[in-house]
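Working notes, beginning with the structure itself.
Everything numeric in this text was worked out from a predicted model, so none of it was measured. Order of the sequence lines sets the chain letters (A, B, ...), proteins ahead of strands, with each chain counted from 1.
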Number of protein chains: 2
Amino acid sequence: MATKRISAVLLDGGVCCAPLSAAPLAVADAAELARVFAALADPVRLRLLSLVAAGGEVCSCDLEVPLGKSQPTISHHTKALADAGLLVGEKRGRWMMWQVVPERLAALRAALS
Amino acid sequence: MATKRISAVLLDGGVCCAPLSAAPLAVADAAELARVFAALADPVRLRLLSLVAAGGEVCSCDLEVPLGKSQPTISHHTKALADAGLLVGEKRGRWMMWQVVPERLAALRAALS
DNA sequence: CGGGTAGATTGACGGCTGTCGATGTATCGA
DNA sequence: TCGATACATCGACAGCCGTCAATCTACCCG
């Protein structure tokens with residue numbers, strides 16, 4: 001019930017409304033947006049997101065080496081990005097395959113205008 | 001000297017290069033980007049930025065009431081946004097007037113593609 | 001000058017977060 | 001069934017961050 005309403009900026013295709021400069025951000029919208037930006041506020045997560053974005057579909061096991069972090073740390077970061085809606089994962093056999101959610105990135109771009 | 005080189009994404013008009021999905025983000029670029037996103041990863045700062053963006057030019061003294069925070073906290077947040085290059089301030093008499101840096105927002109949008 | 005106001009700075013406190021080792025769970029191959 | 005692999009979870013630790021009261025600095029006006 002607490003989250004019946006979610007910022008319109010972050011729903012739908014993400015090409016929505018309420019850009020920063022149009023009108024003062026509502027408190028709830030600001031909280032939601034901040035949650036997503038917080039997911040991007042870490043250099044390791046940004047590189048992880050970039051690796052997945054550039055690769056199209058990437059396995060968790062292929063992230064440890066390029067990022068130079070331990071397996072639990074990689075798992076921690078993929079979860080953070082997934083919780084923010086920026087990544088979706090699909091378990092395929094033994095492997096976890098990750099993809100970016102382009103609509104989510106578009107929603108962020110829309111909010112930053 | 002430590003910052004001789006700064007991510008091209010965040011310099012120039014900000015309409016630059018190196019979008020996330022094009023190629024894996026360089027370590028230095030990721031660090032710079034993360035610094036800016038960290039500035040946006042707080043609901044109070046997002047509302048502050050939005051207030052300034054919507055108002056065009058806003059005095060610090062006009063931020064305490066709508067944000068519901070103490071004066072030192074407001075000062076802390078304006079400094080954080082200014083350090084991230086998202087806000088510029090001009091001291092005019094007794095008042096500090098703030099404006100957004102649209103190029104910076106554009107640079108972030110460019111990076112998120 | 002002197003009083004008042006706007007803002008920055010400092011110090012302190014509580015909470016959040018990135019990191020890793022250790023452990024648990026599921027899946028595949030032999 | 002057994003060993004190995006991929007991933008998640010837990011617990012712990014260190015460092016960072018948002019917040020405020022108190023204080024300091026700069027500026028205006030009378």
Between C1' of dG18(C) and CG of L81(A), the distance in whole Å | 13 Å
Okay, side chain of R45(B), backbone of A39(B): is any donor-acceptor separation there less than 3.5 Å?
-> yes
Nearest-Å distance for atom pair CZ/C1', residues R92(A) and dA26(C) = 17 Å
What is the distance, rounded to the nearest whole Å, between atom CD of E90(B) and atom P of dC27(D)?
-> 14 Å
Counting any heavy atom closer than 4.0 Å, what does S75(B) reach on the DNA or RNA strands: base, sugar-phosphate only, or nothing?
-> base
Sugar-phosphate atoms are those with a prime plus P, OP1 and OP2; base atoms are the rest. Using that split, label each nucleotide of nucleotides 18-25 of chain D B, S or - for protein heavy atoms under 4.0 Å, 5' to 3'.
-> SBBBB---
Which pair of heavy atoms, one from S50(A) and one from P24(B), lies closest together, and at what distance?
-> OG-CA, 3.3 Å
Expressed in angstrom and rounded to an integer, what is the separation of R94(A) atom CZ from dT27(C) atom C1'?
-> 6 Å
K91(A) NZ - dA6(D) P separation (whole Å) | 12 Å
Between atom CD in E64(A) and atom P in dC20(C), what is the gap in whole Å?
-> 10 Å
Look at the side chain of S21(A) and the backbone N and O of A54(B), then say whether any donor-acceptor pair between them is shorter than 3.5 Å.
-> no
Nucleotide dT5(D), atom C1' - distance to CH2 of W95(A) in whole Å | 9 Å
Looking just at side-chain N and O atoms, do S75(B) and T78(B) make a donor-acceptor pair shorter than 3.5 Å?
-> no
Where the side chain of R104(A) meets the backbone of A84(A), is there a donor-acceptor pair that is under 3.5 Å apart?
-> yes
Rounded to whole Å, the CG-C1' distance (L40(A) to dG18(C)) equals 16 Å
Using distance alone, with no hydrogens and no angle criterion, decide if S60(A) and W95(A) have a side-chain donor and acceptor under 3.5 Å apart.
-> no
